[in-house]
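One structure is given below, encoded as structure tokens.
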Amino acid sequence: MLEQLTLGRYIPGHSWLHRLDPRAKLVLACYFIVIAFLTTNWLTYVLMFAFIGGVIFLTGLSFSYFVRGIGPLIWLIVFTAILQLLFTPGGHIYWHWGILMITSTGIQTSTAVFLRFLLIITMATVLTLTTAPLAIADGVEALLRPLRVIHFPVAQTALMLSVALRFVPTLLDEAQTIMNAQRARGVEFNNGGLIKRLRAIVPLLIPLFVGAIGRADDLATAMESRGYQGATNRTRYRVLKWHNADTIAVVVILVLNIVLVVLRHM
Amino acid sequence: MAITFDHVNYMYQPNSPFEAVGLSDVSFTVPSESFTAIIGHTGSGKSTLVQHLNGLLKPTSGTVTVDDFQLTAKTTNKHLKSLHQHVGMVFQFPENQLFDQTVERDIAFGPLNFGFTNEEAMSLAHQAAHDVGLPDELLNRSPFELSGGQMRRVAIAGVLASQPRVLVLDEPTAGLDPRGRAEMMAMFAKLKADQQLTVILVTHQMDDVADYADQALVMAHSNLIKAGTPAEIFADPEWVKAQQLALPTAANFAQHLVTRGFEFDSLPLTAEQLAMQLRGQLPKEGR
Ligand SMILES: Nc1ncnc2c1ncn2[C@@H]1O[C@H](COP(=O)(O)OP(=O)(O)O)[C@@H](O)[C@H]1O
Ligand SMILES: [Mg+2]
């Protein structure tokens with residue numbers, strides 16, 4: 001069940017995207033997410049979806065894998081879009097009941113919310129699927145480095161991030177194991193009303209927290225016993241290097257941005 | 001309860017980059033009230049196999065039959081609750097499933113889920129705590145204050161309290177000291193005899209297989225490669241080694257004795273069998 005979710009998962013590989021510099025990937029993914037809000041007419045959506053389709057192709061992973069992986073999140077997106085649909089006033093009113101209404105503006109904004117959300121989640125999925133957690137942490141650290149000027153604890157933040165990312169799969173596995181154990185003791189996670197389901201979460205969360213805290217404690221001991229000190233200037237084993245491919249990727253996104261702006265006004 | 005696997009296949013995360021074979025065409029039968037050991041190297045599919053016994057995993061193809069319940073790819077989760085109750089499942093490191101405020105309430109959690117009344121659940125919890133040898137004064141403590149061995153007993157009691165007919169044990173003694181291990185195995189044997197349980201034990205301890213099992217299933221690379229009595233399984237020491245398994249201590253000892261000129265009709269598997277066969281072969285006292 002949990003293993004279906006693809007957001008936040010990394011699949012080792014050697015595609016062109018896998019090999020891009022994590023700094024480039026982080027910045028470009030964020031950039032893409034920002035320009036996703038520049039979409040206005042259907043031409044701009046076609047462009048953005050064609051682009052993300054091309055990016056998925058470059059990951060070397062199958063389309064159906066993405067579709068199924070994003071599937072569980074679709075409901076969240078649909079829910080947001082429906083709220084948007086029912087509460088947006090303006091334009092022609094097709095239907096209304098109390099404070100709920102369906103208007104032409106509502107249809108427009110909810111469609112936009114739905115499509116933009118989809119673009120954003122797909123891009124975030126591509127980023128984590130093709131970038132090792134430690135590479136993401138390295139990338140973030142490198143990007144945050146200028147903040148040292150204002151005494152922002154960059155090294156510690158990066159460490160926190162890499163530890164968190166490192167333990168996501170471990171915690172997911174553990175959650176699965178605990179769920180199995182509690183299902184065997186008669187808990188039904190996917191049955192019954194909201195209250196019953198919320199109650200079913202307690203026997204999952206408590207052991208999960210107990211385990212996570214215990215593990216954090218062990219990790220801290222292990223790091224201390226090996227003399228870890230966060231604040232000192234550490235050299236690194238994996239040195240990030242900017243390649244031509246990274247420059248190409250930046251140029252491609254800039255071109256995308258320009259075309260998008262042109263299409264907006266058509 | 002008798003258990004039958006009929007050409008069971010299981011695939012993890014089919015059609016994804018993480019696709020992996022869990023079980024490949026596994027068929028066997030476990031008679032009611034018998035003791036079956038499942039052995040095999042790490043990653044051979046033992047845990048995958050036992051999770052089919054109570055429907056935590058459903059076969060991708062093939063049928064698992066437990067008593068008169070049939071589990072196939074099409075079985076819906078709604079029908080699994082009675083199977084969950086009748087097949088008790090003790091996972092690896094079961095102490096990780098404890099969560100409630102007191103030991104008593106944690107043990108009663110299963111019975112409450114399966115529809116017993118509060119009073120019945122409490123009385124079942126006390127009985128189960130007694131069966132696993134937990135002293136009464138621990139019942140009102142938090143499970144997180146107990147020692148590792150005690151926590152494991154609480155978790156096992158939590159499974160027993162639902163009164164299962166089949167007890168599935170996935171490496172239940174992993175991480176215990178030798179004495180704790182011996183005590184726990186003796187406890188399972190007693191439970192089986194007292195409550196007429198059908199026991200399935202996943203283990204790396206060949207001595208436990210020799211001492212307790214009526215039959216053993218050997219797994220390798222998701223396949224069931226051999227099924228038979230412990231005597232049949234251990235009859236060929238070369239084959240056993242090739243499967244990254246070991247002989248029981250007594251059998252190993254006997255093999256060394258053979259190189260020193262001792263003779264055995266059949267390879268002894270337990271200390272008793274070894275002693276019986278050595279009687280008469282040892283030099284008389286006082287020589
Ligand atoms: N959740 C999972 N997803 C993918 N593959 C898995 C999963 N769980 C187990 N496997 C694979 O299935 C095989 C059998 O595993 P398992 O039944 O846990 O073996 P054992 O209990 O004998 O050590 C292994 O190759 C393992 O990598
Ligand atoms: Mg296992």
Side-chain angles (χ1 to χ4, degrees), chain A residues 1-6 9-13 15 18 59-71 129-130 169-192 196 199-215, chain B residues 12-20 47 50-51 53-57 76-78 80-101 105-116 121 142-144 151 155 157-162 164 167-168 170:
Chain A
M1 191 160 24
L2 291 172
E3 54 207 27
Q4 236 183 37
L5 211 64
T6 43
R9 201 174 263 259
Y10 168 62
I11 301 182
S15 75
H18 278 88
T59 63
L61 300 164
S62 72
F63 262 98
S64 66
Y65 183 64
F66 273 85
V67 173
R68 266 179 304 129
I70 293 172
L129 278 180
T130 60
T170 315
L171 285 178
L172 277 180
D173 280 352
E174 197 154 298
Q176 184 72 62
T177 312
I178 297 170
M179 268 172 96
N180 277 345
Q182 307 301 24
R183 274 175 69 200
R185 289 209 280 169
V187 176
E188 290 170 291
F189 287 100
N190 294 323
N191 248 339
K196 204 173 157 209
R199 224 187 265 155
I201 296 211
V202 175
L204 168 65
L205 281 191
I206 292 181
L208 201 57
F209 271 113
V210 171
I213 292 168
R215 195 167 290 123
Chain B
Y12 278 106
Q13 307 186 47
N15 309 319
S16 82
F18 299 103
E19 184 173 279
S47 298
V50 294
Q51 285 180 53
L53 291 168
N54 73 346
L56 286 176
L57 297 179
T76 57
N77 282 343
K78 282 209 179 68
L80 288 178
K81 205 157 180 178
S82 84
L83 191 62
H84 287 333
Q85 184 185 352
H86 289 126
V87 181
M89 184 93 185
V90 176
F91 284 85
Q92 263 169 62
F93 303 105
E95 51 275 23
N96 293 343
Q97 73 192 35
L98 302 179
F99 75 97
D100 221 327
Q101 287 159 17
R105 287 178 51 176
D106 204 291
I107 300 177
F109 179 66
L112 286 173
N113 285 328
F114 291 121
F116 289 94
S142 157
F144 300 109
M151 281 170 85
V159 173
L160 288 171
S162 304
L167 188 59
V168 180
D170 194 347

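Protein chains get the first letters and strands the later ones, always in sequence-line order, with residue 1 at the start of each.
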_side chain to side chain contact (heavy atoms under 4.5 Å, CB included), that's the test. Do B/Phe114 and B/Phe109 meet it? Break it down for me._
CA-CA 9 Å; B/Phe114 291 121; B/Phe109 179 66; over 6 Å; no

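The CG atom of B/Leu167 sits 10.0 Å away from the CE atom of B/Met89 when rounded to the nearest 0.5 Å. Between the CZ atom of B/Phe99 and the CG atom of A/Leu205 there is a distance of 11.0 Å, given to the nearest 0.5 Å.
The contact between A/Glu188 and chain B is made entirely by side chain atoms (from C-beta outward), counting heavy-atom distances below 4.5 Å. Using a 4.5 Å cut-off between heavy atoms, B/Leu98 contacts chain A through its backbone alone, with no side-chain atom that close. Only the side chain of B/Phe144 comes within contact range of chain A, with at least one heavy atom under 4.5 Å from a heavy atom of that chain. In this structure, the portion of B/Gln51 lying under 4.5 Å from any heavy atom of chain A is its side chain and not its backbone.
Listed options B/Asn54, B/Asn113, B/Leu57, B/Asn96 were ranked by heavy-atom pairs under 4.5 angstrom with chain A; first place goes to B/Asn113. In terms of heavy-atom pairs under 4.5 angstrom with chain B, the leader among A/Asn180, A/Leu61, A/Ile178 is A/Asn180.
Listed for the B/Asp106 side chain is a donor-acceptor partner under 3.5 Å among the backbone atoms of B/Asp100.
Of all heavy-atom pairs spanning B/Gln97 and A/Arg185, the tightest one is O-NH2, 3.3 Å.
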